[in-house]
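Here the structure is laid out as C-alpha cells; the discussion comes afterwards.
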Amino acid sequence: MKRIALIGSTGSIGKQVLNVVRRYPEDFSVVSLSAGNNEGAFLEQVTEFKPLVATLSKTPCCDGCVLPSGTEYFFGENAFTNAIIPDADIVVVSLVGYKGVIAVLDAINKGKDVALANKESLVVGGEIVTALAKEKGVRITPIDSEHSAVWQALNFDFNKKFSKIILTASGGAFRDYTKEMLESATKDDALKHPNWAMGAKITVDCATLVNKAFEVIEAKWLYNTTFDKIGVIIHRESIIHSMVEFDDGSVIAQMSYPSMEIPIQLALGYPERKKANVNSLDFAALKQLTFCEPDIERFPLLKEVVDAGKMGGLYPAVANGANDMAVELFLQGKIKYGDIRASICGALDSFSGGKIDGFSSLERANAFANEYVKNKFGV
C-alpha cells in the first residue's frame, strides 16, 4: 500500500490522482489532502477519503457546513506544507504556479519522494531542487505527459545515455491562427485546447507555447542534460507524447491517446504498469501522424523563454513570475493576449540579473516580476 500526500487535490491533476486511488484502493491510499479555494470539492474529498490531515488555502465559509471528524485541519495560504506528513510515502505536487516550488522543497527536506506535476519547481528552482533531491536521496518522478514519455523511453533510467530528447507539442489553441488573428485573440479563444482538458492557466500557457518552453527547461534539470540536446516538434494529434533519440540513430517514442491517467498512474505505481482507463491505440483509424517545426515568428515566446533558461541564474524565475501574473490578468480580462509576451520580455529586459542564492533569492525574483507586470498595466 502506497500512502499519498496530495497537494492540489481539487485541480485537474488532483482529481485524476483520486480516480487512480478509487480504481486501485488496495494499492493506494490518501493520507493527506491539500486544496486551494474550492471548498465544496474539498469537503467532498475529505468526506470520501478520510485523510489524516487536510488543508485549505482559506478558512471555510460555507453556510452551516460541518468539517468531517477524524481529520486534522489547517487553513491559510501556505497551509499545504502541513499536508506533507511523515505518514506519506510519496507527495504528489500538482499546485499551479510558483507555490509548487515551496511544496517540492518542503517534501524533499522531509525525505519524501515527489511525483511532480508542477513544472515551475524545476523552471524556477531546478538548480536547488535537483541538488537537494540528490543530497536527500529523494526520487522525483514526472507526471507531465511529455516528461513521463521521456522517462519511459529511457527505460526509467534518468542517467541513461541519449543523443537527444524530442518534446512534442500539440500547438495549443492558436496553432492555426495567423499573426493577424492572434492580435485579437481572447481568453475564450485561448481556453479551447484542441486535444487536452486542463486547467485555465496551463491551457493559456499551451496557447502561447510558454508551457513547452518551460518543459524544455524542466528537461534540462530532470535529465541532467544541456539545451542543445533538447528539441521541440509540433505534433497535432498528441499521440506521441515525446521521443528520445540514441547515438545509433534509433528513436523510441511513447504513444497513447491523450490522457493524463497513464503518467499519473505510472508516477504513483512505478515500476508496475497497471491497467488505466484509456483505450488501446487503433493505428488503422489514426491513418497518419503529422509533424512540423514550431513557428517562432507566430510564437516567439517559445524561444525567448528558453533563452531565459539558457541565461540561467534568476532569469527563469523572472520569466515564470512575469508569465504567472500576466496570464492571471489575461484570464481576468485586464490585459490582451499580446500583453503576455510584452510582460515577460519587459521583465527580463528590466531585470539586473543575479545568481540563485537559496530560496529567498527566488522569492525576490518572483516578486520583482510580479510587481513589474502589475505596474506596467496599473493594476
* Check the pair K201 / E328 against salt bridge (charged side-chain N to carboxylate O under 4.0 Å, His left out), numbers first and verdict last. => CA-CA 8 Å; K201 164 66 164 58; E328 181 180 332; over 6 Å; no
* Evaluation steps, salt bridge (charged side-chain N to carboxylate O under 4.0 Å, His left out), between E218 and K220 -> CA-CA 5 Å; E218 195 178 7; K220 180 254 187 298; over 6 Å; no
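- Distance alone, capped at 3.5 Å, places no donor-acceptor pair between the D339 side chain and the I335 backbone.
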* Asked: Hey, mind stepping through K274 and D27 against salt bridge (charged side-chain N to carboxylate O under 4.0 Å, His left out) and telling me if it holds?
  -> CA-CA 10 Å; K274 297 177 179 293; D27 295 312; 2.8 Å; yes
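- Aromatic rings of W151 and Y270 (six-membered ring for Trp) have centroids within the 6.0 Å cut-off, being under it.
- Remark: I202 CD1 to D144 CG distance equals 6.0 Å, nearest 0.5 Å.
- Residue A308 comes nearest to Y315 through the heavy atom pair O-CB, 3.7 Å, listed as atom of the first residue, atom of the second, then distance.
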Counting only pairs under 3.5 Å, give me each side-chain donor-acceptor contact of residues 29-37, with atom names and distances, residues two or more places apart or in other chains.
from : atom 1 : to  : atom 2 : distance (Å)
S32  : OG     : A83 : O      : 2.5
S34  : OG     : T55 : OG1    : 2.6
N37  : OD1    : S57 : OG     : 3.0

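- Proximity of N19 to N277: side-chain heavy atoms (C-beta onward) are nowhere separated by under 4.5 Å.
- Linking ILVMFWY side-chain heavy atoms closer than 4.5 Å, directly or via other members, places L95 and Y98 in a single hydrophobic cluster.
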* Passes salt bridge (charged side-chain N to carboxylate O under 4.0 Å, His left out), K2 versus D89? Steps please. -> CA-CA 6 Å; K2 187 169 287 187; D89 299 311; over 6 Å; no
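- No side-chain heavy atom of H241 sits under 4.5 Å from any side-chain heavy atom of M255.
- No more than 12 heavy atoms of other residues, nucleotides or ligands shown are found within 6.0 angstrom of CG on N224.
- Note that CD of Q45 and CD of E39 are 13.0 Å apart. Values are rounded to the nearest 0.5 Å.
- Using a distance-only test at 3.5 Å, with no hydrogens or angles considered, a donor-acceptor pair links the side chain of D295 to the main chain of R298.
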* Between K136 and K112, does a side-chain contact (heavy atoms from CB on, under 4.5 Å) hold up when you go through it step by step? -> CA-CA 9 Å; K136 299 289 185 178; K112 301 299 178 183; over 6 Å; no
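- Under a hydrophobic clustering in which Ile, Leu, Val, Met, Phe, Trp and Tyr are joined whenever their side-chain heavy atoms come within less than 4.5 Å, directly or via other members, V327 and V123 fall into the same cluster.
- To the nearest 0.5 Å, the span separating CZ on F42 from CG on L56 amounts to 5.0 Å.
- Two residues are said to be in side-chain contact when any heavy atoms from C-beta on lie closer than 4.5 Å; D113 and I140 fail this criterion.
- Put simply, the side chain of I234 does not reach to within 4.5 Å of the side chain of E293, judged on heavy atoms.
- Distance check: N366 CG to D324 CG gives 6.5 Å after rounding to the nearest 0.5 Å.
- Nearest heavy-atom pair, F330 versus A185, reported as atom, atom and distance to 0.1 Å: CE1-O, 4.3 Å.
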* Evaluate the criterion side-chain contact (heavy atoms from CB on, under 4.5 Å) for residue pair L18 and L6; output intermediate values, then yes/no. => CA-CA 9 Å; L18 295 178; L6 177 53; 3.7 Å; yes
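- Note that the OG atom of S242 and the CD1 atom of I166 stand 9.0 Å from one another [nearest 0.5 Å].
- Counting heavy atoms from C-beta outward, F214 and L209 have side chains that stay 4.5 Å or more apart.
- The two atoms that bring A253 and I240 nearest to each other are CB-CG2, 3.8 Å, heavy atoms only.
- One finds the OG atom of S170 at 5.0 Å from the CG atom of N195 (value rounded to the nearest 0.5 Å).
- For CD of Q332, the number of neighbouring non-hydrogen atoms (other residues, nucleotides, ligands) closer than 6.0 Å is greater than 12.
- Using a 4.0 Å cut-off between charged side-chain N and carboxylate O, D282 and K287 make no salt bridge.
- When side chains are defined from C-beta on, I239 counts as touching L286, because their heavy atoms get closer than 4.5 Å.
- What you find for A103 and V93 is that their closest heavy atoms are CB-CG1, 4.0 Å.
- Looking at N118 and K99, their side chains never bring a donor and an acceptor atom within 3.5 Å of each other.
- No single ILVMFWY cluster, assembled from side-chain heavy atoms under 4.5 Å apart, contains both L266 and I143.
- Identified under the ring pair (Phe, Tyr, Trp, His ring centres under 6.0 Å) test for residues 287-312, with sequence neighbours left out: H235-F291.
- By the 4.0 Å N-to-carboxylate-O rule, K110 lies close enough to D106 to be salt-bridged with it.
- With hydrogens and angles ignored, the 3.5 Å screen pairs a side-chain donor or acceptor of D248 with a backbone N or O of S250.
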Enumerate donor-acceptor pairs with a distance under 3.5 Å from any side-chain N or O in residues 344-365 to protein atoms, sequence neighbours excluded.
from : atom 1 : to   : atom 2 : distance (Å)
S350 : OG     : G346 : O      : 2.9
S361 : OG     : D357 : N      : 2.8
S361 : OG     : G358 : O      : 2.7

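- Salt bridge annotation for K336-E183: absent, with no cationic side-chain nitrogen under 4.0 angstrom from a carboxylate oxygen.
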* Asked: Taking it one step at a time, do E26 and Y24 satisfy side-chain contact (heavy atoms from CB on, under 4.5 Å)?
  -> CA-CA 5 Å; E26 70 280 6; Y24 293 105; 3.6 Å; yes
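- Proximity of I340 to V204: side-chain heavy atoms (C-beta onward) are separated by under 4.5 Å at one or more points.
- Using a 4.5 Å heavy-atom threshold, the side chains of T71 and L52 count as separate.
- At a threshold of 4.5 Å between side-chain heavy atoms, the hydrophobic network of Ile, Leu, Val, Met, Phe, Trp and Tyr places F377 and V318 in one connected group.
- Scanning both residues, F28 and M1, for their nearest heavy atoms gives C-SD, 3.3 Å.
- The local environment of NZ in K58 is crowded, with over 12 non-hydrogen atoms from other residues, nucleotides or ligands closer than 6.0 Å.
- Looking only at atom types and distance, the side chain of E237 has a donor-acceptor partner in the side chain of T290 under 3.5 Å away.
- Residues V114 and I7 share a single hydrophobic cluster, defined by chaining ILVMFWY side chains whose heavy atoms lie under 4.5 Å apart.
- Although no hydrogens or angles enter the test, the distance criterion places a donor-acceptor pair under 3.5 Å between the side chain of T81 and the main chain of N78.
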* Criterion side-chain contact (heavy atoms from CB on, under 4.5 Å) on M181 and F174, from CA distance to verdict -> CA-CA 9 Å; M181 293 169 67; F174 296 147; over 6 Å; no
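- In this structure, the side chain of N370 engages the main chain of G321 through a donor-acceptor pair within 3.5 Å.
- Using a 3.5 Å distance cut-off with no hydrogens or angles, the side chains of D189 and T186 do pair a donor with an acceptor.
- A donor-acceptor contact shorter than 3.5 Å is absent between the side chain of N320 and the backbone of P316.
- P51 and A54 get closest at one heavy-atom pair: CG-CB, 4.3 Å.
- With hydrogens and angles left out, the side-chain atoms of D228 and T226 include a donor and acceptor closer than 3.5 Å.
- Between the side chains of R273 and Q265, no donor N or O sits under 3.5 Å from an acceptor N or O.
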